[in-house]
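The structure under discussion appears below in the form of structure tokens.
Since we're looking at a predicted model, the values are computed, not measured.
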Amino acid sequence: MTNQDQQEQSANSPEESNEEVSAAGEQKLIEDRLAKAAQLRDKGFDPYPPRFDRTHTSAEATKLFEYVEVMASNGVGDDAEHPRTETVRIAGRVMARRGMGKAAFIDLKDGYGSIQAFARQNTMGDEAYEIVNLLDIGDIIGVEGSVIRTRRGEISVEAQQVTVLTKAIRPLPDKWHGLQDQEIRFRQRYLDLISNDKAMKNALLRSMVVQSMRSFMHDRGFIEVETPILVPVAAGAQATPFETHHNQLDRDLYLRIATELYLKKLIVGGIERVFEIGRLFRNEGLDHDHNPEFTTIESYQAYADYNDVMSMVENMVSYIAKETTGSMVLPAVEGVRPEIDLTPPWPRLDLRAEIKKQTGIDFVETRDVESLSAAMRERNIHVEAGSAWGRLLDKVISSEVEPNLVQPHFLVDYPVEMSPLAKRKPDSDEIVERFEGFVMGTELCNAFTELNDPVDQRDRFEQQEKQRLDFGDDEADRLDEDFLVAIEHGMPPTGGLGLGIDRLTMLIAGEESIREILLFPAMRNT
RNA sequence: GGGCCUUUAGCUCAGCGGUAGAGCAUCGGACUUUUAAUCCGCAGGUCGUGGGUUCGAUCCCCACAGGGCCCA
């Protein structure tokens, strides 16, 4: 139907014209609310006023009343039978409304909790009370009045005045069931935060994790820095980078996949304890514990080795758990995990011995792709065709060893092929001083005694570049000439660490999906 | 990349080869101490999108898209 047809038809059906046209569904709800905003304006009330002087949060108002009530019970105050506070001004979002004609109860929610407001026409006056009839669930309002306890025992602000601070023109999700639709929860996280306490709890936990991590590091004399996100070479880890381009410099750049190499340049520069908390970007798929952008802490400590880092990690993680939950023992979560005890020390497991124990494979005896592949096939471990040796062993570890590590453990001493930035053990050409921390069957951190021999480091990079060519391995690490020049000037012996903050928060929150922790996880186009 | 599940009113969910249901929210009415307030009444839907089968498809089949879970 063309526009003209539609116009002609509506002209022919006058009952459908103008304000008689009833908009469908969601649009109708929006129009109803816009109409109420217009009515507020007609009565001289700005539905979006610039300022409201709040004197108390919901929590403070509740606390104030409880204090007054205790004093009244001791005979202090004008009316010991009906204690009431001084006038307070609170503000928050209308979460529920129970109207009774000339009185109404409103559940208000602010950033600190909830409190009920109680509005009566005869206390407010007819004109002021009209605002109450124009309120919708979702509106943000201010309420002025003293705090009392209602007959049913609910601490409530008895409204002298109600002010609309922000008229909401879209409805909130179901007040009882909350927001269930996972897609909307992730795409419109603000609705999740409003409707579901758990979403807010996780968001606050994430902040507390980062805060306590920072204070742990600062207490130990670490300096926090920020290094480039746009980098000419995406090195320092084995991952595929995002590519971008700087127009004026006419130069291709990448989003960093690690902060490692820049931080080690700062170690060369003499900042002996340094860390960065920041976003990394890896161009890979999404699943319950991967997101293309995620946050890590990396730290580097001169004159330390991986044993020092190991004890720092177990101390840091248990400290953060204690600070954020009050205990180093995380409670069991039904259907997710048993109780997790993060109290140090965490068991150190020799990687070679552990693989041998779980699979019978000794990676020192199966030192090439052919023999390792054969040993894997014998044990029904999937062999990805065309994989480098290190990738195959990584598969053995992730499928046969990691799942058993539910309580915190360190796997210690990795083969050199998997670890191009780690220093060899003094007594071995094949094994490096590297460990990874595991909890709940997933990797939490990765750390090593940093390779500071510039000749060996160049050789390792070259082997990674060769692996990229020989095996078509896009994720092989990249040679970074600037970094090599830096350590050719001399990097002291150093212990380094990388730890995923989103995964650490998942662990503490008892969540199985990183999407419950990231406020705005990556989503497909709609 | 493969398999399974899922998409119905603003939200939470039923449903069925014969043309759409509930609760909450909205709208109208009653109600001055409620708290999932209560009571009465009304309205609200391209049943994810596009094809196919059929006299007839929201339902069966196929493809695609979004979301979830498992595997690779």
Taking atom [atom2] of [N] as reference, at what distance in whole Å does atom [atom1] of [X] sit?
| X | N | atom1 | atom2 | value |
| --- | --- | --- | --- | --- |
| A:Ile30 | B:A43 | CD1 | P | 22 Å |
| A:Gln182 | B:U12 | CD | C1' | 15 Å |
| A:Asp107 | B:A37 | CG | C1' | 11 Å |
| A:Leu286 | B:G1 | CG | P | 13 Å |
| A:Ile194 | B:C11 | CD1 | P | 14 Å |
| A:Leu29 | B:G10 | CG | C1' | 5 Å |
| A:Ile137 | B:U26 | CD1 | C1' | 10 Å |
| A:Tyr129 | B:U32 | OH | C1' | 8 Å |

Can you tell me, in whole Å, how much space there is between the [atom1] of [N] and that of [M]?
| N | M | atom1 | value |
| --- | --- | --- | --- |
| B:C24 | B:G56 | P | 39 Å |
| B:C5 | B:G48 | C1' | 16 Å |
| B:G29 | B:C42 | C1' | 10 Å |
| B:G45 | B:C13 | C1' | 15 Å |
| B:U58 | B:U7 | P | 16 Å |
| B:A14 | B:A20 | C1' | 11 Å |
| B:C71 | B:C55 | C1' | 44 Å |
| B:C59 | B:G15 | C1' | 10 Å |

Salt bridge check: are [X] and [Y] linked by an N-O gap of less than 4.0 Å?
| X | Y | answer |
| --- | --- | --- |
| A:Arg89 | A:Asp53 | no |
| A:Asp192 | A:Lys198 | no |
| A:Arg97 | A:Asp107 | no |
| A:Asp139 | A:Lys36 | no |
| A:Lys395 | A:Glu400 | no |
| A:Lys201 | A:Glu511 | no |

request  = Please determine if A:Arg189 forms a cation-pi arrangement with A:Phe520, meaning its NZ or CZ atom is less than 6.0 Å from the six-membered ring centre and no more than 45° off the ring axis.
outcome  = no
Which part of the nucleic acid, if any, lies within contact of [X], taking any heavy atom under 4.0 Å across all strands shown: a base, the sugar-phosphate backbone alone, or nothing?
| X | answer |
| --- | --- |
| A:Arg185 | nothing |
| A:Gly99 | base |
| A:Gln121 | nothing |
| A:Arg120 | base |
| A:Asn122 | base |
| A:Arg149 | nothing |
| A:Leu172 | nothing |

task = Using both pair distances under 3.5 Å as the test, note the stems of at least 3 consecutive Watson-Crick or G-U pairs that include RNA chain B.
result = B:1-7 with B:65-71, B:10-13 with B:21-24, B:27-30 with B:38-41, B:48-52 with B:60-64
Can a side chain N or O of [X] be found less than 4.0 Å away from OP1 or OP2 on [N]?
| X | N | result |
| --- | --- | --- |
| A:Arg33 | B:G10 | no |
| A:Arg524 | B:G67 | yes |
| A:Arg97 | B:U34 | no |
| A:Arg98 | B:A37 | yes |
| A:Lys36 | B:U26 | no |
| A:Lys28 | B:U26 | no |

request  = May I ask you to check whether over 12 heavy atoms, not counting those of A:Lys109, lie within 6.0 Å of atom NZ?
outcome  =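 Check passes, neighbour count above 12.
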Output the single nucleotide from [options] whose closest atom is nearest the side chain of [X].
| X | options | value |
| --- | --- | --- |
| A:Glu183 | B:G67, B:C11, B:U34 | B:G67 |
| A:Met100 | B:U32, B:C27, B:A25 | B:U32 |
| A:His288 | B:C27, B:U34, B:C70 | B:C70 |
| A:Arg515 | B:G10, B:G67, B:U12 | B:G67 |
| A:Ala103 | B:U32, B:U35, B:U26 | B:U32 |
| A:Asp136 | B:C27, B:G67, B:A72 | B:C27 |
| A:Gln116 | B:C24, B:U32, B:U35 | B:U35 |

task = Evaluate salt bridge (Lys or Arg N to Asp or Glu O under 4.0 Å) for A:Arg170 paired with A:Glu26, printing each intermediate quantity in order.
result = CA-CA 8 Å; A:Arg170 287 179 186 271; A:Glu26 190 170 25; 3.0 Å; yes
Test applied, side chain to side chain donor-acceptor pair (under 3.5 Å); reference residue, A:Asp473; option that passes from A:Gln238, A:Arg391, A:Arg468 =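 The single option meeting the side chain to side chain donor-acceptor pair (under 3.5 Å) with A:Asp473 is A:Arg391.
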inquiry  = With a 3.5 Å cut-off and heavy atoms only, can you find an N or O donor on one side and an acceptor on the other between the side chain of A:Asp174 and the base of B:G23?
reply    =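 By the distance-only test, yes, there is a pair.
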task = With RNA chain B as reference, determine whether A:Gly101 or A:Trp176 sits nearer its 5' end, using the nearest nucleotide of each.
result =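 Residue closer to the 5' terminus by nearest nucleotide: A:Gly101.
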request  = By nearest nucleotide on RNA chain B, pick out whichever of A:Lys175 and A:Asp181 is the more 5' one.
outcome  = A:Asp181
query = Between A:Phe281 and A:Phe242, what is the ring plane arrangement, given parallel below 30°, perpendicular above 60°, and tilted in between?
reply =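 Rings of A:Phe281 and A:Phe242: perpendicular, over 60°.
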